[in-house]
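Below is one structure, written out as structure tokens, with a few remarks after it.
The first residue in the sequence is number 1, and the count goes up from there. In this text, all values refer to a predicted model and were calculated from it rather than measured experimentally.
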Amino acid sequence: MPRLLLATSLALNLLLLAIVAYITYKWGYLGRFLIAATGDNLASPTDTLIDQPIWQETVQYQQTVVDHQHLSVCLFGDSISAAVENTLGDQTFNFAIPGMSTISQLAQLKALTAVHLKCHTAIVAIGTNDAAYRTTEAQFEQNLRQIITTLKQRMETQRIILLPAFYSTIAASHDPSIAGTIERVQTINARIEHVASAENLTVAADVIQPLFTEKALREDLTVDGVHLNLQGKQIYRAGLLRLVRQQHSQQ
């Protein structure tokens, strides 16, 4: 009997660890937990997704699905955009993966261009995790410019629309294992605006503005201070759908 109890306890603990690991990946917390463990942003790595087998397999799967395709609208982003899934209509594809920052975004684009994917319009919702990781503002801007160049030159993208980085709730912004500070997100968004102005691109802030009260995520729209609940996802999806339909009408 003691051996049976021990085996059962071990099995339950392993199951619990598996569930925690899945949620950690699904919500993009792997890099942030490293920050919490060390207590020092500078002592922690930034975006390590490209070294993780789950991310690699996800990108490989995307490669097989979109090989030599010409899509009307491509959405790129992190866990907040990934939660919308592929629900934006025909000739669209949601490439968002939990935990993504501009660092892993560049690696993903390299993989997708290798299979000759073409996107007429790209919606880039990136920067929220850059605000949480130790990516410098200069590095973020350089990465974002390289993303834009790759889209234009390798994917033959005609329209690029940037979304601002998402704010967390006030409470979550004080926890480095969950989100970047409000001030940090403001700085990242200022860089996005700067790049957009220099590249003559649109920042579609209106798509996500209903999710916030001033510069903080609404408490009634989130499950953890960062990620959207059902109502929040519906609001975000509705904004994306309006943007997608607008792009379709202009093609």
Side-chain angles (χ1 to χ4, degrees), residues 28 47 49-50 55 58-59 61-130 140-166 188-189 191-208 236-251:
D47 182 346
L49 279 183
I50 62 175
W55 183 88
T58 300
V59 173
Y61 174 73
Q62 291 177 347
Q63 286 180 301
T64 63
V65 172
V66 301
D67 189 10
H68 284 83
Q69 284 201 26
H70 292 245
L71 297 173
S72 176
V73 178
C74 297
L75 172 62
F76 299 96
D78 52 39
S79 56
I80 298 174
S81 296
V84 176
E85 301 182 350
N86 274 303
T87 63
L88 300 178
D90 295 336
Q91 282 298 299
T92 68
F93 198 97
N94 185 355
F95 292 97
I97 302 176
M100 292 280 282
S101 75
T102 53
I103 296 171
S104 48
Q105 182 68 82
L106 285 169
Q108 183 193 37
L109 288 178
K110 181 178 180 180
L112 294 175
T113 56
V115 296
H116 308 287
L117 170 67
K118 307 299 180 186
C119 294
H120 183 275
T121 298
I123 303 172
V124 181
I126 206 75
T128 302
N129 285 323
D130 290 273
F140 170 78
E141 182 172 330
Q142 180 181 353
N143 292 346
L144 185 58
R145 288 180 181 274
Q146 191 173 346
I147 288 167
I148 292 167
T149 298
T150 301
L151 289 169
K152 289 180 176 179
Q153 297 183 358
R154 301 290 305 280
M155 286 194 180
E156 301 177 7
T157 303
Q158 301 302 306
R159 294 192 183 96
I160 300 173
I161 301 165
L162 305 180
L163 298 189
F166 285 69
I188 290 294
N189 281 337
R191 292 283 181 155
I192 292 174
E193 290 282 357
H194 177 72
V195 171
S197 176
E199 299 285 343
N200 196 28
L201 303 178
T202 298
V203 179
D206 58 301
V207 170
I208 65 172
Y236 181 36
R237 178 176 178 270
L240 288 172
L241 281 172
R242 288 194 299 272
L243 192 58
V244 167
R245 288 167 183 159
Q246 181 183 23
Q247 297 311 305
H248 283 325
S249 67
Q250 295 175 359
Q251 290 180 15

Hits for side chain to side chain donor-acceptor pair (under 3.5 Å) against His70, two or more places apart or cross-chain, chain-then-number order -> none
Between Leu88 and Val73, is any pair of side-chain heavy atoms under 4.5 Å apart? no
In chain order, what residues pass the side chain to side chain donor-acceptor pair (under 3.5 Å) check against Thr92, with sequence neighbours excluded? none
Starting from the C-alpha separation in whole Å, work towards a yes-or-no answer on side-chain contact (heavy atoms from CB on, under 4.5 Å) for Leu109 and Gln146. CA-CA 10 Å; Leu109 288 178; Gln146 191 173 346; over 6 Å; no
All pairs passing disulfide (SG to SG under 2.5 Å) where residues 76-114 contributes a residue, at least two apart: none
Please name the residue in the list Val65, Thr58, Thr64 that meets the side chain to side chain contact (heavy atoms under 4.5 Å, CB included) test with Gln62. Thr58
Once you round to the nearest 0.5 Å, how far does CG of Leu201 lie from CG of Leu162? 5.5 Å
To the nearest 0.5 Å, tell me how far Ile126 CD1 sits from Ser81 OG. 8.0 Å
Side chains of Leu117 and Met155: does their closest heavy-atom pair fall under 4.5 Å? yes
With sequence neighbours left out, write down each residue that passes side chain to side chain donor-acceptor pair (under 3.5 Å) with Thr202, or none if nothing qualifies. none
In Å and rounded to the nearest 0.5 Å, what is the CZ to CG distance from Arg191 to Leu144? 11.0 Å
Distance (rounded to the nearest 0.5 Å) between His68 NE2 and His116 NE2: 4.0 Å
Could you give the distance from CD1 (Ile160) to CD1 (Ile123), rounded to the nearest 0.5 Å? 11.5 Å
State whether the side chain of Gln63 and the backbone N or O of Val115 hold a donor-acceptor pair below 3.5 Å, judged by distance alone. no
Residues 77-106 vs ring-ring contact (aromatic ring centres under 6.0 Å, His included), sequence neighbours excluded, gives Phe76-Phe95, Phe93-Phe95
Indicate the atoms forming the closest heavy-atom contact of Ser104 with Leu49, along with that distance. OG-CD1, 3.8 Å
Look at the side chain of Arg237 and the backbone N and O of Thr87, then say whether any donor-acceptor pair between them is shorter than 3.5 Å. yes
Starting from the C-alpha separation in whole Å, work towards a yes-or-no answer on side-chain contact (heavy atoms from CB on, under 4.5 Å) for Val124 and Leu151. CA-CA 10 Å; Val124 181; Leu151 289 169; 3.9 Å; yes
Is any side-chain heavy atom of Ser72 closer than 4.5 Å to a side-chain heavy atom of Gln247? no
Looking at Leu163 and Ala204, what are the two nearest heavy atoms and their distance? CD2-O, 3.5 Å
Nearest heavy-atom neighbours spanning Asp47 and Gly99: OD2-O, 4.0 Å
Sequence neighbours excluded - salt bridge (charged side-chain N to carboxylate O under 4.0 Å, His left out) pairs with any residue from residues 96-118: Lys118-Glu156
Between Ala111 and Val59 the two heavy atoms that sit nearest each other are CB-CG1, 3.5 Å
Non-neighbouring partners of Tyr236 that pass ring pair (Phe, Tyr, Trp, His ring centres under 6.0 Å), sequence neighbours left out: Phe166
Just how far is it from atom CD1 of Ile103 to atom CG of Asp130, taken to the nearest 0.5 Å? 6.5 Å
Treating Asn189 as the side-chain partner and Ala165 as the backbone partner, does any N or O pair qualify as donor plus acceptor under 3.5 Å? yes
Sorted by first residue and then second, give each disulfide (SG to SG under 2.5 Å) pair with at least one member in residues 65-130; sequence neighbours left out. Cys74-Cys119
How far apart are the closest heavy atoms of Ala107 and Ile50, and which atoms are they? CB-CG2, 3.4 Å
Can you name the residues that form a side-chain contact (heavy atoms from CB on, under 4.5 Å) with Arg245, not counting sequence neighbours? Leu241
Sorted by chain and residue number, the side chain to side chain donor-acceptor pair (under 3.5 Å) partners of Asn143 (sequence neighbours excluded) come out as Thr102
Once side-chain contact (heavy atoms from CB on, under 4.5 Å) is applied, do any residues pair with Gln246, and if so which ones, sequence neighbours excluded? Leu243, Gln250
Residue pair Gly127 / Ile188: nearest heavy atoms and the distance that separates them: O-CG2, 3.8 Å
Could you list all the salt bridge (charged side-chain N to carboxylate O under 4.0 Å, His left out) pairs where at least one residue sits in residues 144-153, not counting sequence neighbours? Glu141-Arg145, Arg145-Glu199, Lys152-Glu199
